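Since the structure is predicted, the reported quantities are computational estimates derived from the model, not experimental observations.
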Amino acid sequence: STGSGGTNAGGNGGNGTASSITGSSVTYAGGGGGGGRSSAGTGGTGGGGNGGTGVPSPLPQAGTANLGGGGGGGGYYTTYGYTYSAGANGGSGVVILSVPTANYTGTTTGSPTVTTSGSNTIIKFTSSGTYTA
């Protein structure tokens with residue numbers, strides 16, 4: 001006789017780390033949820049994408065852009081034989097610099113977001129760029 005597929009459930013992604021460098025707490029780098037057959041894991045806080053169960057749905061979700069979260073894992077579906085879905089991409093990260101406002105020269109390239117928090121100037125890059133002191 002032919003064995004049947006397991007009822008494997010995908011594991012949940014781990015939670016990321018909170019940072020208050022920008023002046024408010026933001027969680028970055030959550031883990032992606034694992035894929036499974038019977039159910040998929042959820043992504044961790046901090047931009048982790050949910051896992052998938054393969055075809056027909058749900059498919060894995062990508063990690064959240066600018067939070068650096070991991071992508072959800074692919075799953076498998078066994079009704080019509082084994083069909084696998086690929087895992088999703090992780091989300092892009094950021095670079096955040098905190099410079100004492102008294103020392104900030106304002107010389108940047110790219111398109112960073114520049115804000116202030118207390119006595120610091122916060123420079124947040126979500127794509128390529130530079131800051132020259």
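For the pair Ile96 and Ile122, the minimum side-chain heavy-atom distance is below 4.5 Å. The closest side-chain heavy-atom distance from Phe125 to Leu97 is below 4.5 Å. When side chains are defined from C-beta on, Thr105 does not count as touching Thr132, because their heavy atoms never get closer than 4.5 Å. Put simply, the side chain of Lys124 reaches to within 4.5 Å of the side chain of Val94, judged on heavy atoms.
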Could you list the donor-acceptor pairs under 3.5 angstrom formed by side chains in residues 16-28, with sequence neighbours left out?
unit_1, atom_1, unit_2, atom_2, d
Ser19, OG, Ile21, N, 3.3
Thr22, OG1, Ser24, O, 3.2

For residues 41-50, tabulate all N or O donor-acceptor pairs below 3.5 Å that involve a side-chain atom, not counting sequence neighbours.
unit_1, atom_1, unit_2, atom_2, d
Thr42, OG1, Asn12, OD1, 3.2
Thr45, OG1, Asn15, OD1, 3.1
Asn50, OD1, Gly43, N, 2.8
Asn50, ND2, Gln61, OE1, 3.1

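By the side chain to side chain contact (heavy atoms under 4.5 Å, CB included) test, Ser92 is found to be paired with Ala65, Asn66, residues two or more places apart in sequence or in another chain being considered. Every residue two or more places apart in sequence or in another chain was checked for a side chain to side chain contact (heavy atoms under 4.5 Å, CB included) with Ser128, and none qualifies. Annotation: ring-ring contact (aromatic ring centres under 6.0 Å, His included) contacts of Tyr104 (sequence neighbours excluded): Tyr131.
Closest approach of Pro60 and Ala86 over heavy atoms only: CG-O, 3.1 Å. The two residues Ser39 and Ala9 make their nearest non-hydrogen contact at OG-CB, 3.2 Å. For Ala40 against Gly51, the heavy-atom pair with the smallest separation is CB-O, 3.2 Å.
Sorted by first and then second residue, the side chain to side chain donor-acceptor pair (under 3.5 Å) pairs involving residues 112-122 (not counting sequence neighbours) are Ser98-Asn120, Thr101-Thr121.
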